[in-house]
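Accompanying notes for the structure given below.
We count residues from 1, following the sequence as given.
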Amino acid sequence: MIDRLVIFGGTGDLAGRYLLPAPAALRTAGCIDDDFDLVCVDRKERDDRRFGDRARDQLDRHAGETPPEARQAIAAAARHRRADIRNAVDVAQAVHGDAPVAVYLALAPALFPAAIQTLRAAKLPAGSRTVLEQPFGEDLASARELNRLLADLLPEQAIFRVDHFLAMTTVQNLPGSRLSNRVLESIWNSAHIAKVEIVWDETLTLEDRAGYYDGVGALEDMVQKPSPAVAVPGGDGTPDQSLRT
């Protein structure tokens, strides 16, 4: 059982809204105990007391449905470490230990190649896992390159490619709805439709994601394009069916 979680980008919006509340839910379900260790990593120097206060605030805000004991336990387990994901020494210190560790890359996609290379240099303990957020690459070529780097880091079954919104499925359902309905099929085309608007009603502002959105865009962030995640060839040149999104 893995009882260590290291989050690179551990003070960002994703960590506050999802990655801190998740262990609190696992604690409530009895899946983790007092031995659980949580390390949140970013490049800023942070006072431990202020970081603990921030973690408690995020848990109270985004995990209010979990019992107070679980939120307090996770806040107490959370530690902050300053590290640059491009610095192999920093990364090695953040993941140091003999027991397996789960590494979550809550980073901008442009940092994934450097992160994978520094994690490889850090020599993760046997049995470790790594998680990458979507988007997984900018195109098919960059997704293949990421898979090549990951293959030198950990076995495929220890790598998780995740998409926490999964709006892609909804978009993919639209062509099926059109082709299966004779009425829609005859009018859902360029002769009758001038433009398509996709509206995501989100109560958040960009928060600290402005730089990320400038490079990626909301459509790719919310609706991951399928080709790199579904049809990236495995080592033998055949489509790798084990990729998870």
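A heavy-atom distance below 4.5 Å is found between the side chains of Leu132 and Ile159. Side-chain contact check for Phe36 versus Ile74: some heavy-atom pair is nearer than 4.5 Å. Phe136 places none of its side-chain heavy atoms less than 4.5 Å from the side chain of Pro109. Residues Thr11 and Lys44 fail the side-chain proximity criterion, which asks for heavy atoms closer than 4.5 Å. Looking at Arg86 and Arg43, their side chains come closer than 4.5 Å, going by heavy atoms from C-beta outward. Under the 4.5 Å side-chain criterion, counting only non-hydrogen atoms from C-beta, Glu145 is in contact with Leu149. The shortest side-chain heavy-atom distance between Pro113 and Leu146 falls under the 4.5 Å cut-off. Residues Ile2 and Arg129 have side chains in contact (heavy-atom distance under 4.5 Å, counting atoms from C-beta outward).
Considering every non-hydrogen atom in both Asn181 and Val183, the closest pair reads OD1-N, 2.9 Å. Of all the heavy atoms in Pro21 and Gly16, the pair that sits closest is CD-O, 3.5 Å. The two residues Leu184 and Ser177 make their nearest non-hydrogen contact at CD1-O, 4.1 Å. Between Ala83 and Val41, the shortest heavy-atom distance links the atoms CB-CG1, 3.4 Å. Taking both residues in full, the closest heavy atoms of Arg56 and Ala75 are given as CG-CB, 3.3 Å, listed atom of the first, atom of the second, then distance. Closest heavy-atom contact between Phe8 and Ala94: CZ-CB, 4.1 Å.
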Side chain to side chain contact (heavy atoms under 4.5 Å, CB included) evaluation trace for Ile32 with Met1: CA-CA 9 Å; Ile32 56 178; Met1 177 179 175; 4.2 Å; yes
Between Leu5 and Val39, is a side chain to side chain contact (heavy atoms under 4.5 Å, CB included) present by the stated rule, with each step listed? CA-CA 6 Å; Leu5 173 61; Val39 180; over 6 Å; no
Could you walk me through whether Leu14 and Leu19 pass the side chain to side chain contact (heavy atoms under 4.5 Å, CB included) check? CA-CA 7 Å; Leu14 176 65; Leu19 304 184; 4.2 Å; yes
Go through the steps for Asp152 and Arg148 under the test side chain to side chain contact (heavy atoms under 4.5 Å, CB included), then give the verdict. CA-CA 7 Å; Asp152 294 331; Arg148 186 189 67 79; 4.2 Å; yes
Determine whether Asn147 and Arg161 satisfy the following criterion, side chain to side chain donor-acceptor pair (under 3.5 Å), listing intermediate values before the conclusion. CA-CA 10 Å; Asn147 274 333; Arg161 305 158 179 83; 2.6 Å; yes
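Taken to the nearest 0.5 Å, the CG atom of Leu153 stands 5.5 Å off from the CG atom of Leu124. To the nearest 0.5 Å, the span separating CZ on Arg178 from CD1 on Ile187 amounts to 10.5 Å. From Gln93, atom CD reaches atom CG of Asn87 across 8.0 Å, with rounding to the nearest 0.5 Å. The distance from atom CG of Asp90 to atom OG1 of Thr118, rounded to the nearest 0.5 Å, is 9.5 Å. Separating the OH atom in Tyr104 from the CD atom in Glu133 is a distance of 3.5 Å, to the nearest 0.5 Å.
Looking at Asp37 and Arg79, a side-chain N of the basic residue comes within less than 4.0 Å of a carboxylate O on the acidic one, giving a salt bridge. Using a 4.0 Å cut-off between charged nitrogen and carboxylate oxygen, Glu185 and Arg182 do not count as a salt-bridge pair. Asp60 has a carboxylate O that lies under 4.0 Å from a charged side-chain N of Arg71, or vice versa, which qualifies the two as a salt bridge.
Between the side chain of Ser128 and the backbone N or O of Val101, at least one donor-acceptor pair lies under 3.5 Å. No donor-acceptor pair closer than 3.5 Å links the side chain of Asp33 to the backbone N or O of Gly30. When atom types are taken as modelled, the side chain of Ser180 and the backbone of Gly176 share a donor-acceptor pair closer than 3.5 angstrom.
Criterion: ILVMFWY side-chain heavy atoms under 4.5 Å apart, direct or through other members. Under it, Val95 and Leu111 are part of a common hydrophobic cluster. Residues Val89 and Ile116 are members of separate hydrophobic clusters, defined by side-chain heavy-atom contacts under 4.5 angstrom among Ile, Leu, Val, Met, Phe, Trp and Tyr.
Environment of CG in Asp98: sparse, with no more than 12 heavy atoms of neighbouring residues, nucleotides or ligands closer than 6.0 Å.
Looking at His80 and Asp42, their side chains do bring a donor and an acceptor atom within 3.5 Å of each other.
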Review item, side-chain donor-acceptor pairs of residues 63-70, under 3.5 Å, at least two apart:
{"residue": "Thr66", "atom": "OG1", "partner": "Ala63", "partner atom": "O", "Å": "2.6"}
{"residue": "Glu69", "atom": "OE2", "partner": "Arg27", "partner atom": "NE", "Å": "3.3"}
{"residue": "Glu69", "atom": "OE2", "partner": "Arg27", "partner atom": "NH2", "Å": "2.8"}

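Applying the side-chain contact (heavy atoms from CB on, under 4.5 Å) test between Leu119 and each of Leu154, Val103, Leu150 identifies Val103 as the sole match.
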